There are 2 protein chains.
Amino acid sequence: MARRPSVTSTQIAREARVAQSTVSRVLNGGSVSPQTRERVLAVLEKYDFQPSQAARSLVGARTGVVGVVIRDLTNPFYPVMVKAMERVLHERGLRLFLVTDVVAPEEGVAMLRREGVEGAIFTAAVATDPLPGRLSGHGIPVVLCHRTIDGFPADQVEADNVEAGRLAAGHLLELGHRRLAMLTGVPGASTAVQRGAGFRELTADLPVVEVEGGFDYDQSYAAVRALLSGPDRPTALFCQNDVMAHAALNAAVAEGVDVPGALSVVGCDDVPVSGWERMALTTVRQPLVRIAQVAAELLLDRLADAGRPPRHEVLPVELVTRGTTAPPA
Amino acid sequence: MARRPSVTSTQIAREARVAQSTVSRVLNGGSVSPQTRERVLAVLEKYDFQPSQAARSLVGARTGVVGVVIRDLTNPFYPVMVKAMERVLHERGLRLFLVTDVVAPEEGVAMLRREGVEGAIFTAAVATDPLPGRLSGHGIPVVLCHRTIDGFPADQVEADNVEAGRLAAGHLLELGHRRLAMLTGVPGASTAVQRGAGFRELTADLPVVEVEGGFDYDQSYAAVRALLSGPDRPTALFCQNDVMAHAALNAAVAEGVDVPGALSVVGCDDVPVSGWERMALTTVRQPLVRIAQVAAELLLDRLADAGRPPRHEVLPVELVTRGTTAPPA
DNA sequence: CTGAAAGCGCTTACAG
DNA sequence: CTGAAAGCGCTTACAG
């Protein structure tokens, strides 16, 4: 049950006939004579010694841990981001501590603080979310990634979601659609707000049926089935993210509605699955990996210079036309 | 840069006019008089105090951290497992430290040791993998989950993969297929070996074309396109996991091969995507979530009793018939 | 270059 | 019930 290191630096020191601080120096690149270093290294290797992070964190200036708050790891979107962040963080010797929706939000913040994270990246904050504020209130740097909060005094990075909405609307309008519907995301999420705003900007003179999908597959599937089986079925549907668009595509099959023959569907994100021949989703691509990288880099920069004014990066998006859109019948 | 707790238990103690050890006692449920407890609790709440895990781990009997080694988080398979494990581990107050393929395997083991994990769950070990052995060699309990290693002296849990192969073969044979192909996984992975063995058991008298997909989408996609565009195209294809089956389904579209009209496809796993109307993959379901739960439980039991003989759980599978299989033309 | 010492923030016996 | 003290395994000045 007790989980104590099998060997400690003190034991290494004893066996190498040096002071414990000398072991520490060869471990951390302090000045040590070649002979001594040699001797210590030999013992280090003999035991395959690994210094305790707990002790290091406790005494050192930094813990080397960065928190990453993910909403739902099973959304194909997030693993891609986590991987990208992990790459740049790991390169700089930082470890990452994942907090998912398995723990309650409040508990998540407590965990991050107990863990002594040097900073945290939020990937799915909503405007009303008190957590990022609470963390930075405790002096821990926060980066808002993918979803942002207007006026939040921190580094933020996101796609040009307004433009994404415009691109989707423009594409559908150009094809000749006039009976439009929009499957909306989580109320209050910046991505939902912005994508919706962009879409409405170009469709202001048209009635657009709005249905809430909450960025969730099951909710969207049910909502779209209801929409398609009801009266006044739209000829085109803009989904505020790809997961909802996939749900829509499948719901259409279930309802016997041909896509794109009887219904055009546009998504937003361009996750890997959307490129599959069986899905062939027309969507607006956002630079997923790049967004995650920038988030990690913003945090790194912040850790290097706490006084730097916050930056807000907005990355470009592009329409990817595939097989789910066509002119109305 | 320095990441020190904003408040320490010593400061709390001072403000509450008690000894630091008393603060520790109210935190950990030691015996404290109601009045004293009240007073300390007030200060604790005032600062929203969170004790340092580093200090706790260093002094305490346990770190409360469990390692989970994941091959590729972007395979839809693993997030589901991680989530399930996290649920049961979190319930018992354990945190989980994720190691993905972003770090080199050797480095992964070193990280787990530095982190002082009380145990580790491997989700994608292969027979030749030295890592599980190395970890348990350092006295750290290991559980093999999903993929197992024959004769490895540790707790293991997996699906009945041999039966899975049999079910797939039986289904295809029953439909009347005689020109079969199999898309194989990572050589040496128990899942690949067992599913392959089960499939061959029922098809021993038939020539079965084997193509290596390595459990990887891109590799499988390329392999299946080559297979379908070549001579002697099979009428049925068993894919040793769903990701490869999805690749096959999409490759078939790319090659203009109708499924199930000209080609039947069977997968293995039954990940969520396989149930989508657009995919409708006939597959062998393995109890993903249950496997992950059992893995976590096995580790918990092991931590409670290090001397218990290792258990090896094999969970049942079932055929899920959907739209990608039919009699040969 | 090297050692002795202090101290990080806690938990855990040990007295009282 | 409560406090004083030891100690977890390290890093980091500080002497020599």
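Side chains included, hydrogens not; waters and symmetry mates left out as well; all remaining heavy atoms used. If you're wondering where the values come from, they're calculated on a predicted model, not measured in any experiment. The sequence lines fix the lettering, A, B, ..., with proteins before strands; numbering per chain opens at 1.
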Are the aromatic rings of B:His146 and B:Phe77 close, with centres under 6.0 Å apart?
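They qualify: ring centres under 6.0 Å apart.
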Send over the distance from [X] [atom1] to [N] [atom2], rounded to a whole Å.
X	N	atom1	atom2	answer
A:Ile12	D:dC10	CD1	C1'	13 Å
B:Leu44	C:dC10	CG	C1'	13 Å
B:Arg62	C:dC10	CZ	P	18 Å

Please map the stems of DNA chain D, keeping only stretches of three or more Watson-Crick or G-U wobble pairs with both distances under 3.5 angstrom.
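The stems that DNA chain D takes part in, listed by first number, are C:1-3 with D:14-16, C:5-12 with D:5-12, C:14-16 with D:1-3.
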Hey, what do you get for CG (A:Leu300) to CD (A:Glu91), rounding to the nearest 0.5 Å?
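With rounding to 0.5 Å, CG (A:Leu300) is 9.5 Å from CD (A:Glu91).
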Euclidean distance, A:Ser190 OG relative to A:Glu158 CD, rounded to 0.5 Å
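Reported value, rounded in 0.5 Å steps: 5.5 Å.
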Identify, with sequence neighbours excluded, every residue that meets side-chain contact (heavy atoms from CB on, under 4.5 Å) alongside A:Pro310.
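Residues passing side-chain contact (heavy atoms from CB on, under 4.5 Å) with A:Pro310: A:Asp155, A:Arg302.
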So that I can tick it off, tell me whether A:Glu107 and A:Arg114 are bridged by a salt bridge, with the cut-off set at under 4.0 angstrom between side-chain N and carboxylate O.
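Yes, A:Arg114 and A:Glu107 are salt-bridged.
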Any ion pair linking A:Arg17 and A:Glu15 (charged N to carboxylate O, less than 4.0 Å)?
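No, this pair does not count.
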Run the salt bridge (Lys or Arg N to Asp or Glu O under 4.0 Å) test against A:Glu86 and tell me which residues pass, sequence neighbours left out.
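So A:Glu86 forms no salt bridge (Lys or Arg N to Asp or Glu O under 4.0 Å) with any residue.
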Taking only residues two or more places apart in sequence or in another chain, which ones pass side chain to side chain donor-acceptor pair (under 3.5 Å) with A:Gln156?
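Expected list: none.
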Heavy-atom side-chain proximity of B:Val157 to B:Leu298 below 4.5 angstrom
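Side chain of B:Val157 against side chain of B:Leu298, heavy atoms only: contact under 4.5 Å found.
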Atom CG of residue position B:Asp305 - does it have more than 12 heavy atoms of other residues, nucleotides or ligands inside 6.0 Å?
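Yes, the 6.0 Å shell around CG holds more than 12 heavy atoms from other groups.
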Any donor-acceptor pair under 3.5 Å joining the side chain of A:Ser21 to the base of C:dA5?
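By the distance-only test, no, there is no pair.
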If you take any heavy atom closer than 4.0 Å to DNA chain D, which residues from residues 23-36 of chain B end up in contact?
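Of all residues in residues 23-36 of chain B, the ones placing a heavy atom under 4.0 Å from DNA chain D are B:Arg25, B:Ser31, B:Val32, B:Ser33, B:Thr36.
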Between B:Thr22 and D:dT2, is there a contact of a side-chain N or O with OP1 or OP2 at under 4.0 Å?
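No, no such contact exists.
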Which of these, A:Asp101, A:Thr100, A:Leu73, sits in a side-chain contact (heavy atoms from CB on, under 4.5 Å) with B:Lys83?
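When side-chain contact (heavy atoms from CB on, under 4.5 Å) is applied between B:Lys83 and each of A:Asp101, A:Thr100, A:Leu73, only A:Asp101 qualifies.
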Every protein N/O lying under 3.5 Å from an N/O of nucleotides 7-9 of chain C:
unit_1 : atom_1 : unit_2  : atom_2 : d
C:dC8  : O2     : A:Val59 : N      : 3.4

